[in-house]
Structure formats: structure tokens, C-alpha cells
Amino acid sequence: EAGVAQSPRYKIIEKRQSVAFWCNPISGHATLYWYQQILGQGPKLLIQFQNNGVVDDSQLPKDRFSAERLKGVDSTLKIQPAKLEDSAVYLCASSRGGADPNYGYTFGSGTRLTVV
Amino acid sequence: SQKIEQNSEALNIQEGKTATLTCNYTNYSPAYLQWYRQDPGRGPVFLLLIRENEKEKRKERLKVTFDTTLKQSLFHITASQPADSATYLCALNNNDMRFGAGTRLTVKP
């Protein structure tokens, strides 16, 4: 089974620029998550999709962050304009969804964003 | 406010000893709790899940306990090896999964 694919692996941008991250989850996983992990902290949920619908985006800074999962498969997360405090690793994860958590979440390796 | 606290930022132990990591939480009532391993530059990897009605769960050299009265989970690695060196994260379900900051474990040969 292929893992969760994310690109790019690294990105350096200047503040006020825009950036986009891409994620392709495990085939058949209905639920997709974007997490932000700041150095030294645990992952923080930004947005959760179930198929192509948003389940939870309560912690997404909607004035600058947006995400979509148009066909219920891959997803993009965008930041526009970026701030210095957005420097972090952006992790995508997927799960089978439903009520069975036994398999946990499968994470990609993440995109390390540095805003200068 | 809701908090998930993992006992320490770093834990150093000698190879062959048992590592014990702690996860305490406040103002949550999770139906289950998960433990993940994270290596530098990689995403977390799921290890174990324990449900609120389970006291203990084992998988090979790993053991997890869950005390909903104390609001605490303990994660044990027995016969630890240098390859076990990583950051270990606990996560609680709260509609979505909420993660602690992790404990960085170093096992010295």
C-alpha cells in the first residue's frame, strides 16, 4: 500500500508571498486531514475533510489559509499571504474514516515551510 | 481549558531498560487514546490505540495503560534499543485527534 504523498518537501518564501501544498492520501481513505506542526510542538489540526466535504475547519485561519479536496481524493492547502509565524511543517494525514480508529492516522512526511 | 501534557521534553535511558512515558490530560473525556512515533523529518507513525474501557494494551515490546480516573496514559517500551530513539506523541480523540507535544526518547547503547 502506497503511503500518503506530499509535495514539495521544503519551501522557503518571503512574508506576504503565497504558497501551496499538495497531498495525495492512501487510496480508499475517505478522511483527509491537514495538520500544522510548529517546532517543538505536537501537530495541530487545521482542517478535516470527509470525501470532498469539510468536517471541521474551526482552527483554520480563514483570512489567509484555504484548502480544497474537489474530487474527494487529493487536496491542496494554500497560504496567502504568508506570515513569519506560519513557518512550520505541514502534515497531511488520511484515515479510513468511520467509527473505527484502530488503524490510526497515516501521515505523509510533510512540507517544511520557512517564511523569511 | 483543555490540555494534553507529556511528562517531559526529553527522556534518556540505557539500552535494555524500560522506558516509561506519561500523557496527562485535562478537560477531555476521550473514548480512546493513541500513541504515535515520530522520527526527525518524518510524519508520525501510529503505534497503538487503547479505548476508555481498556486498562492495558500490549504489542510486542510496547505496553500502554489508560486510567480515566487519573486522566493519564502510560506508554512503556521494554528492553529498549537505540533504534527506539524517537519522539513519542500521545493523541486523544475529541471529534478530531488532539496531540500532545511529545517526549523525545534517547536510548543509549
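Within every chain, numbering begins at 1; the chains are lettered A, B, ... in the order of the sequence lines, protein sequences first and strands thereafter.
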Looking at [X] and [Y], does any basic side-chain N land under 4.0 Å from a carboxylate oxygen?
X     : Y     : answer
B/E15 : B/K17 : no
A/D86 : A/R64 : yes
B/D67 : B/K55 : no
A/D57 : A/K62 : yes

Part of A/Q6 within contact of chain B (heavy atom distance under 4.5 Å):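 Neither part, no heavy atoms under 4.5 Å.
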Region of A/Q48 in contact with chain B, defined by heavy-atom distances below 4.5 Å: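 Interface part for A/Q48: side chain.
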Ring geometry between A/Y33 and A/Y105 (parallel below 30°, tilted from 30 to 60°, perpendicular above 60°):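 Geometry flag for A/Y33 against A/Y105: parallel rings.
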Donor-acceptor contact below 3.5 Å, side chain B/R51 vs main chain B/E54: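 Here the side-chain-to-backbone pair does not exist.
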Steps toward side-chain contact (heavy atoms from CB on, under 4.5 Å) verdict (A/W22, A/C92): CA-CA 9 Å; A/W22 175 81; A/C92 178; over 6 Å; no
Side chain, backbone, both or neither of B/Q38 within contact of chain A (heavy atoms, under 4.5 Å): side chain
Part of B/R98 lying under 4.5 Å from any heavy atom of chain A: side chain
Residues of residues 18-27 of chain B contacting chain A, heavy-atom criterion under 4.5 Å, by residue number: none
Sequence-distant partners of A/S58, side chain to side chain contact (heavy atoms under 4.5 Å, CB included), two or more places apart: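 A/S58 satisfies side chain to side chain contact (heavy atoms under 4.5 Å, CB included) with A/D56 only.
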